[in-house]
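As structure tokens, the structure follows; a few thoughts come after it.
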Amino acid sequence: MHTYPLGSLIRFHRKRAELSGAALAALAGVSKNAVYELEQGKATVQWDTLLKIISTLNINITFQSPLMHEFESQPHAKS
């Protein structure tokens with residue numbers, strides 16, 4: 001599995017969607033500044049802002065860990 005800088009990933013998807021930063025912000029319901037700062041690698045971002053932006057760009061988040069298989073077998077994992 002590869003890891004990529006989040007800002008670069010978002011910028012790539014935004015450009016491939018032929019969206020300006022302002023257009024992405026409007027579609028996602030966030031500020032233009034939030035998109036700009038995220039693309040520039042700002043270290044902190046509100047979770048809901050990030051989710052709005054990546055959802056707009058059809059980017060999914062996947063959580064992985066060495067214990068994921070064990071976690072998925074537990075009853076609480078299904079809720």
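Because only heavy atoms are used, hydrogens play no part in the values below, and waters and symmetry mates are left out as well, while side chains stay in. Note that the structure is predicted; figures quoted are calculated from it, not measured.
- A continuous path of Ile, Leu, Val, Met, Phe, Trp and Tyr side chains, each step under 4.5 Å between heavy atoms, connects Leu27 with Leu51, placing both in one hydrophobic cluster.
- Minimum heavy-atom separation, Ala23 to Ser20: N-OG, 2.9 Å.
- Under a cut-off of 6.0 angstrom, the local environment of CD in Gln40 is crowded, with over 12 non-hydrogen atoms contributed by other residues, nucleotides or ligands.
- The side-chain contact (heavy atoms from CB on, under 4.5 Å) search around Ala17 returns Leu19, not counting sequence neighbours.
- If you take CG on Leu24 and CG on Leu57, they are separated by 5.0 Å, rounding to the nearest 0.5 Å.
- Judged as a side-chain contact (heavy atoms from CB on, under 4.5 Å), and not counting sequence neighbours, the contacts of Thr62 are Gln64.
- Legend: side chain to side chain donor-acceptor pair (under 3.5 Å) pairs involving residues 30-39, not counting sequence neighbours, sorted by first then second residue: Arg14-Glu39, Asn33-Glu37, Glu37-Lys42.
- Residues passing the salt bridge (charged side-chain N to carboxylate O under 4.0 Å, His left out) test with Lys15: none are found, sequence neighbours excluded.
- Contact check for Leu9 versus Ile54: no side-chain heavy atoms found under the 4.5 Å cut-off.
- To the nearest 0.5 Å, the span separating CD1 on Ile10 from CG on Leu38 amounts to 3.5 Å.
- Contacts classified as salt bridge (Lys or Arg N to Asp or Glu O under 4.0 Å) and involving residues 47-70 (residues at least two apart or in different chains) are not found.
- Linking Ile, Leu, Val, Met, Phe, Trp and Tyr whenever their side-chain heavy atoms come within less than 4.5 Å puts Ile61 and Phe71 in one cluster.
- When the side-chain contact (heavy atoms from CB on, under 4.5 Å) test is applied to Ser55, no partner is found at least two apart in sequence or on another chain.
- Residues forming a side-chain contact (heavy atoms from CB on, under 4.5 Å) with Thr49 (at least two apart in sequence, or on another chain): Val30, Ala34, Val45, Gln46, Ile53.
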